Every structure is written in C-alpha cells, then in structure tokens.
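One structure is given below, encoded as structure tokens.
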Amino acid sequence: GQVTTDMATLSREVEKFAEGKKMEIEALKMRDSYRKEFMGNISHELKTPLFTVQGYILTLLDGAMKDKTVRKKYLSRAAKGVERLIYIVNDLDMITRLETGELRLKKENFDVIEVVQNVFDLLEMKAAKKNITLIFDTDYEPVWVRADREKIQQVLTNLLVNSIKYGKHDGTTEVIIENFSKKRVVVRVTDNGEGIEKVHLPRLFERFYRVDKSGSRKEGGSGLGLAIVKHLIEAHKEKIFVESVPGLGSEFSFTLKKAKKPGGVTAETRVAQ
Ligand code: ADP
C-alpha cells in the first residue's frame, strides 16, 4: 500500500512539475514574440524620421549647402526630425518602464486646475498654429486631488496634444472638471475635431495603434500617446473613457481621487456641479 501511494504521489508531482514547466515555456514564448513585435514596431517608427533627417543632410552635402536660405531651411527641418526622434525615444522609454512596472508613482495632494493651466500654457503656441481655442473655465475653486502630479500633467498633455493634432482648424478644445462620485472627480477633454469611428475605439489605447496610418504619421506622433495615458491612469487605479462621433469630435475623460487640501477642506464642496 505504502509504495503504490508514494508512486501515485510521485507521478502526480512529476505531472505537476511538467505542467508548470510547460506553462513557463509558453510564457517565455509569449514574451519573446511580444518582444519581437515591439522591436519591429520600434524600428518601423524610427525609420521615417531617420530617413527624413538623412535626406536633408545628404541634400545639403550634395550642394544645397551653398545657398544660405536653403541651408537654413534644410538644417532646421533636419533639427525638427531629430526633435521628433527624441520624442519617440522618450515615449518608448516611458512605455517600457510602465510595462515592466519600473515606474513608481509619487503621490501628493495638488490642485488639478493648476496643472490644466500649465498644460494650456505649454500648448498655446501649438493650438494657435491651427487657430484652435483652448477653453477652460477658470472660475473654479481649487480642485484638490491625490495623485502623481507629473504623471497627470503628462496624461493631460498627451490628450490635449491629440485634440489639437486631430482637431480641425478654427476648432475648440475644452477641459471640464466635474464631480464623478463622492470620492472622485472626472477630467474631460473634449474636441470638435474629426472624431473616431466606433470600430477603432476598443483598440485605441493599444500601443502603436492608429486609426489612419498615413494621416497620423503625417501628424508625427509615436503611436504611444494613448497607451501611455492608459498605463498612467491605471497605475493610479483610476479609469479612462473615450466617446466619439465621427465628424463631430471626441471626448477623453479620466477620474482622479479627491484629496484634502493640506489645510483641510475636501475637494467635494469646491468642484463645480
Ligand atoms: P499618435 O502618435 O498616432 O497620435 P496616440 O496613441 O496618441 O498616437 O493616438 C492613437 C490614435 O488615436 C491616433 O493615431 C488617432 O488616430 C486617434 N486619436 C487620438 N486622439 C484623437 C482625437 N482627439 N481625435 C481623433 N482621433 C484621435
């Protein structure tokens, strides 16, 4: 009796071990194909700006350098291309750190109104180029939230950059902050731009996913903006939503946890209803 029981236990153990190994191998294979896909996407994203920069440099070497105006124009375009490369590499760095769980949140209590205003100041010029009006009702009382201020500023920047990129000339982008629940506020970023077809919405936050491949590439993003936004909001254990009507515009919104002002008053009583 003793021996058979042991054999049975042993064989069960062996089976369990083998099963575990099989799963480990599957996980490794998945990680490997994920890595290969990621690397493929990265080289694809980097190629366009690299070839652009190379093009300008080669043309300059080919004789365009002699003319002062042409030289200046091509050099500044090459510099733009390099700037774009830096943006892409920064986004890649951020997404890698988010996906490997390396990024730590530094939570503090802050007034989210101030952050919206910071981002508006940073993007004013960009919006002006398309004559887009950035709207934010500044009559709000402070809205104290508890989150990583820098990361939330990044979220707002990415959403507002998109609303300008995909917004129409002479259009508007509005930021609204409202109560979401007793403990949360919701920040809405609304544009009256081109909008997004429903079929794309479920995949919109995937990295490198784009609605219109050629169109978006012309706009020069990394395809990582929304993936970063989603990661950052989820790292906060908050929620992100998107609603869109093609031809009319889009609204991206996310929640934040209310906090007490370092002095003591809760945000709830201070947010516009
Ligand atoms: P990209 O670098 O291409 O802008 P994102 O991850 O920021 O990458 O956005 C993914 C895609 O979602 C964009 O390529 C675009 O097609 C679509 N998109 C994002 N924001 C908007 C918006 N406000 N209006 C319309 N389309 C948008």
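Keep in mind that this is a model prediction, so the values were computed, not measured.
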Check the pair R203, E206 against salt bridge (charged side-chain N to carboxylate O under 4.0 Å, His left out), reporting the backbone distance first and the verdict last.
-> CA-CA 6 Å; R203 299 195 58 195; E206 284 176 20; 2.9 Å; yes
Does H236 reach the main-chain N or O of A147 with its side chain, forming a donor-acceptor pair under 3.5 Å?
-> no
Is it true that the side chains of D91 and S222 contain a donor and an acceptor less than 3.5 Å apart?
-> yes
Within 45° cone and under 6.0 Å: R31 NZ/CZ vs F38 ring | no
Between K130 (side chain) and K165 (backbone), is there a donor-acceptor pair under 3.5 Å?
-> yes
Using a side-chain heavy atom cutoff under 4.5 Å and only I, L, V, M, F, W and Y, what cluster partners does F241 have?
-> F180, V186
Rounded distance (nearest 0.5 Å) linking atom CD1 of I177 with atom CD1 of I113 = 4.0 Å
If you measure from CD1 on I132 to CG on L134, what distance do you get to the nearest 0.5 Å?
-> 7.5 Å
Specify whether F205 and F252 have parallel, tilted or perpendicular ring planes, treating 30° as the upper limit for parallel and 60° as the lower limit for perpendicular.
-> perpendicular
Note, L156 side chain near V116 side chain (heavy atom, < 4.5 Å) = yes
Output the distance between atom CG (L28) and atom CE (M30), rounded to the nearest 0.5 Å.
-> 11.0 Å
How far apart are the C-alpha atoms of L58 and D62, what are their side-chain angles, what is the distance that settles it, and do they pass the side chain to side chain contact (heavy atoms under 4.5 Å, CB included) test?
-> CA-CA 6 Å; L58 289 180; D62 215 28; 6.0 Å; no
Taking every heavy atom of F136 against every heavy atom of V175, the minimum-distance pair comes out as CD1-O, 3.2 Å
Considering all heavy atoms, the nearest L232-Q154 contact = CD1-CG, 3.7 Å
Before giving the answer on side chain to side chain contact (heavy atoms under 4.5 Å, CB included), spell out for I88 and L46 the whole-Å C-alpha distance, their side-chain angles and the decisive distance to 0.1 Å.
-> CA-CA 8 Å; I88 296 176; L46 294 178; 3.8 Å; yes
Work out which heavy atom in G55 is nearest to a heavy atom in T59; give both atom names and the distance.
-> O-OG1, 2.5 Å
Taken in chain and number order and not counting sequence neighbours, the residues that satisfy side-chain hydrogen bond (donor to acceptor under 3.5 Å, both in side chains) with T255 are E238
Could you tell me whether E234 and K230 have a side-chain N and a carboxylate O separated by less than 4.0 Å?
-> yes
In terms of side-chain geometry, is the basic nitrogen of E178 or R188 positioned less than 4.0 Å from the acidic oxygen of its partner?
-> yes
May I ask you to decide whether E108 forms a salt bridge with K257, counting only side-chain N to carboxylate O separations under 4.0 Å?
-> no
How far apart are the closest heavy atoms of Q153 and N118, and which atoms are they?
-> OE1-ND2, 3.5 Å
Donor-acceptor under 3.5 Å (N192 side chain, L248 main chain) = no
Are L50 and V89 connected in a single hydrophobic cluster, I mean Ile/Leu/Val/Met/Phe/Trp/Tyr linked by side-chain heavy atoms less than 4.5 Å apart?
-> yes
Do the charged groups of K21 and E24 touch, with an N to O distance under 4.0 Å?
-> yes
Taking all non-hydrogen atoms of both residues into account, name the closest pair between P49 and G81 and its distance.
-> CB-O, 4.1 Å
Answer yes when E15 and R12 have at least one side-chain N-carboxylate O distance shorter than 4.0 Å, and no when they do not.
-> no
Given side chains that start at C-beta, do those of L60 and R71 come closer than 4.5 Å, heavy atoms only?
-> yes
Find the distance between CD (E19) and NZ (K22) and round it off to the nearest 0.5 Å.
-> 5.0 Å
Verify same cluster id: Y34, Y209 (apolar side-chain graph, 4.5 Å) = no
For the side chain of D191 and the backbone of S250, is there at least one donor-acceptor N/O pair under 3.5 Å apart?
-> yes
Heavy-atom distance under 4.5 Å between the side chains of V53 and R77, does that happen here?
-> no
Could you list the residues that satisfy ring-ring contact (aromatic ring centres under 6.0 Å, His included) with F110, not counting sequence neighbours?
-> none
Do I135 and T190 come close enough that some side-chain heavy atom pair is under 4.5 Å?
-> no
Please determine if D93 and R97 form a salt bridge, counting it only when a charged side-chain N lies under 4.0 Å from a carboxylate O.
-> yes
Would you call F120 and L160 a side-chain contact if the rule is heavy atoms closer than 4.5 Å?
-> yes
Side-chain donor or acceptor of K258 paired with backbone N/O of S181 under 3.5 Å = yes
Is it possible for you to say whether F254 and L201 belong to one hydrophobic cluster, with membership spreading through side-chain heavy-atom contacts below 4.5 Å?
-> yes
Is the shortest heavy-atom distance from the side chain of E251 to the side chain of V189 under 4.5 Å?
-> no
Hey, are D32 and R35 close enough for a salt bridge, meaning a charged N less than 4.0 Å from a carboxylate O?
-> yes
Any side-chain heavy-atom pair from I176 and D137 closer than 4.5 angstrom?
-> no
Give a yes or no on whether a salt bridge exists between R207 and E99, defined as a side-chain N under 4.0 angstrom from a carboxylate O.
-> yes
Is a side-chain N or O of N109 found less than 3.5 angstrom from the main chain of K260, in a donor-acceptor match?
-> yes
Do the side chains of L105 and I233 join up, straight or via other hydrophobic residues, at under 4.5 Å, putting them in one cluster?
-> no
At what distance, to the nearest 0.5 angstrom, does CD of Q117 lie from CG of D121?
-> 7.5 Å
Should F208 and V199 be counted in the same cluster of Ile, Leu, Val, Met, Phe, Trp and Tyr side chains packed under 4.5 Å apart?
-> no
Smallest heavy-atom separation, I95 atom then A227 atom, equals CD1-CB, 3.7 Å
Evaluate the side chain to side chain contact (heavy atoms under 4.5 Å, CB included) criterion for residues K151 and L103: first the C-alpha distance (whole Å), next the side-chain angles of each, then the deciding distance (0.1 Å), finally the verdict.
-> CA-CA 10 Å; K151 304 296 180 303; L103 205 102; 3.1 Å; yes
L159 side chain near L226 side chain, heavy-atom distance below 4.5 Å | yes
Calculate, to the nearest 0.5 Å, the distance between atoms CH2 and CD belonging to W144 and E114 respectively.
-> 7.0 Å
